[in-house]
Amino acid sequence: MLSPTRAHPPSRQLNVVVTGASAGVGRATALQFARDGATAIGLIARDAQALQAVQAEIEQTGARALALPLDVADSAAVFGAADRFEREIGPVDVWVNNAMATVVGRVIECTPEEFRRVTEVTYLGYVHGTLAALRHMMPRDRGVIVQVGSALAYRGIPLQAAYCAAKHAIRGFTDSLRAELHHDRSRIALTAVHLPAVNTPQFDWSRTHRDKAPRPVSPVYQPQVAARAIVAAARQPQREYWLGSQTAMTVLGNMVLPGLLDRILARQAFEGQDTDTPVDDSRRDNLFDPVPGVHRTAGSFDDEARADAAVLPGPLARVGAVALAVALGVAAATLARTFGSEND
């Protein structure tokens, strides 16, 4: 019997549901599944007009698409969308949790309402999507759930406390569920794809308390890079994948030298998330309501966004972490002996 991280669904003839599908990584992922031969794709996001545009793009590839406008913070709506997809399209083979919201600013500047909203969308939205998928997958004992994560699920950074906390929560929730699936010898696969900074409209419409408009921390990758990794993970699910060398360095660095990262981020991660453009008083954000007219795949950083990145399975990367930790331990012991002998 296949374990939850070893199930291998067919690469084509899949029915897929993607949350956060109106823009950015979600939109790119839905289109990538369609180009890769998926049969049908359910599209979940709040903006119905934006979803209709994605639906039209998908249908041009020959795949079927079903727009499901809703807020992932509404569990009943998510469950209803899954039921509708199963009723009108067929069994959900792959469910991709990707919807997110964020607020940029120091912890003390953010309100309880903002923290609650980011948590409801970015964390609870994943919980709702996972539960909706499991309700249909468990009786069949098959299916794949993909959690789109982030390097920030392992390492919090300044000005992104609400988002980092939600991504950390997703990782804990996913680990708990994975253990339960192992216990039940389930054939449902659960995989996470942790991303680096991606050039999406997120930075054009996220709420911010900064004086300058926000930007992703370099290096930045195009949404299509993330989409290819997510589709590959759905076809060949492992426990998790890390996209890009920066993600691996962030995760491993935080495992080995978290205090050093604290100091580096304190020096670099404030201005590193600011553009040179002052925030306009008329700027709208999508924290509580969608912003019409900005739904597209790529954001405003095409000039620096990379079009390719390595995809590293997390278990393999951890071997490198152990080797690095051993090397650092040996070096530290050597230095201690050296300085100790000099002081004798």
Problem - Where L287 and R117 come nearest, the two heavy atoms and their spacing - result: O-NE, 2.7 Å
Exercise for the section: Would you please test S300 and D204 for side chain to side chain donor-acceptor pair (under 3.5 Å) and show each step? Expected result: CA-CA 7 Å; S300 303; D204 299 315; 2.8 Å; yes
Exercise for the section: Find out whether Q52 and E57 are in side-chain contact, i.e. whether some heavy atom of one side chain is under 4.5 Å from a heavy atom of the other. Expected result: no
Exercise for the section: Applying side chain to side chain contact (heavy atoms under 4.5 Å, CB included), run through V144 and R235 and close with a yes or a no. Expected result: CA-CA 9 Å; V144 180; R235 290 201 305 255; over 6 Å; no
Exercise for the section: Check each of V104, V121, L152 against Y163 using the side chain to side chain contact (heavy atoms under 4.5 Å, CB included) test, and report the only one that passes. Expected result: L152
Problem - Nonpolar side-chain network containing F203, other nodes, edges under 4.5 Å - result: F301
Practice task
Give, for atom CD of Q55 and atom CD of Q60, the distance between the pair rounded to the nearest 0.5 Å.
Solution key: 11.5 Å
Fill in the blank from the handout: What one should report as the nearest heavy-atom pair of P292 and D47 is CA-OD2, 4.1 Å
Practice task
Using atom types as modelled and distance alone, determine if a side-chain donor or acceptor of T61 lies under 3.5 Å from a backbone N or O of I58.
Solution key: yes
Exercise for the section: Look at atom CG of D211 and say whether more than 12 heavy atoms of other residues, nucleotides or ligands are closer to it than 6.0 Å. Expected result: no
Handout entry: Polar side-chain atom of D74 near backbone of A76 as donor-acceptor pair, under 3.5 Å
Key = yes
Exercise for the section: Could you grab the distance from atom CG of L252 to atom CZ of R155, nearest 0.5 Å is fine? Expected result: 14.0 Å
Problem - Donor-acceptor pair, side chain of E114 and main chain of T111, under 3.5 angstrom - result: yes
Anything under 3.5 Å between a donor and an acceptor, one on a side chain of residues 127-134, the other on a protein residue two or more places apart or in another chain? List them.
unit_1 : atom_1 : unit_2 : atom_2 : d
H128   : ND1    : V72    : O      : 2.8
H128   : ND1    : L124   : O      : 3.3
T130   : OG1    : N97    : ND2    : 3.1
T130   : OG1    : Y126   : O      : 2.7
T130   : OG1    : Q147   : NE2    : 3.2

Practice task
With the side chain counted from C-beta on, respond yes when L177 and L181 share a heavy-atom pair under 4.5 Å apart, and no when they do not.
Solution key: yes
Practice task
Report yes if the side chains of I230 and V148 come closer than 4.5 Å at any heavy-atom pair, otherwise no.
Solution key: yes
Handout entry: pair V92-N15: side-chain heavy atoms closer than 4.5 Å
Key = no
Exercise for the section: For N199 and Q222, indicate whether the former's side chain and the latter's backbone hold a donor-acceptor pair under 3.5 Å. Expected result: no
Exercise for the section: Decide yes or no for Y123 and K167: does some side-chain heavy atom of the first lie under 4.5 Å from some side-chain heavy atom of the second? Expected result: no
Handout entry: Side-chain (R46) to main-chain (D71) donor-acceptor, under 3.5 angstrom
Key = no
Problem - Within-4.5 Å side-chain heavy-atom neighbours: H168 and Y154 - result: no
Practice task
Please report the shortest heavy-atom distance between P214 and T275, naming the atom on each side.
Solution key: O-CG2, 3.7 Å
Practice task
Give, for atom CG of L66 and atom CG of L51, the distance between the pair rounded to the nearest 0.5 Å.
Solution key: 10.0 Å
Practice task
Using modelled atom types only, decide if a donor and an acceptor are shared between the side chain of Q273 and the backbone of P158 within a distance under 3.5 Å.
Solution key: yes
Handout entry: Charged N-O contact under 4.0 Å between E240 and R171
Key = no
Exercise for the section: Return yes if some donor-acceptor pair links the side-chain N/O of T19 with the main-chain N/O of N98 below 3.5 Å, else return no. Expected result: yes
Handout entry: Contact summary for P237 and A189, nearest pair of heavy atoms
Key = CG-CB, 3.6 Å
Completion exercise
What one should report as the nearest heavy-atom pair of D285 and S206 is CB-C, 3.8 Å
Handout entry: Pairing of R215 and E304 as salt bridge, 4.0 angstrom limit
Key = yes
Practice task
Please report the C-alpha distance between K212 and E271 in whole Å, then the side-chain angles of each, then the deciding distance to 0.1 Å, and finally whether the side chain to side chain contact (heavy atoms under 4.5 Å, CB included) criterion is met.
Solution key: CA-CA 9 Å; K212 301 291 180 67; E271 289 73 17; over 6 Å; no
Exercise for the section: State, to 0.1 Å, how close G105 and C110 come at their nearest heavy-atom pair, and which atoms those are. Expected result: O-SG, 3.9 Å
Exercise for the section: Go through the steps for E86 and R140 under the test salt bridge (Lys or Arg N to Asp or Glu O under 4.0 Å), then give the verdict. Expected result: CA-CA 13 Å; E86 291 256 336; R140 297 189 289 263; 2.8 Å; yes
Exercise for the section: Would you tell me whether S282 and D280 have side-chain atoms, one donor and one acceptor, within less than 3.5 Å of each other? Expected result: yes
Problem - Test item: D308 and R228 side chains (from C-beta on) under 4.5 Å apart, heavy atoms - result: yes
Practice task
Return yes if some donor-acceptor pair links the side-chain N/O of H136 with the main-chain N/O of D93 below 3.5 Å, else return no.
Solution key: no
Completion exercise
Output for pair (E120 CD, E113 CD), nearest 0.5 Å, gives 10.5 Å
Practice task
Please examine the side chains of L159 and F270, heavy atoms only from C-beta on, and report whether any two atoms are closer than 4.5 Å.
Solution key: yes
Problem - Nearest-0.5 Å distance that lies between atom CZ in R187 and atom CE in M137 - result: 13.5 Å
Problem - Ring centers of H194, Y241 separated by less than 6.0 Å - result: no
Exercise for the section: Examine distances only and state if a side-chain atom of R178 and a backbone atom of R239 form a donor-acceptor pair shorter than 3.5 Å. Expected result: yes
Handout entry: Backbone N/O of R106 and side chain of E109: donor-acceptor pair under 3.5 Å
Key = yes
Completion exercise
Interatomic distance, CG@D141 vs OG@S186, rounded to 0.5 Å, equals 4.5 Å
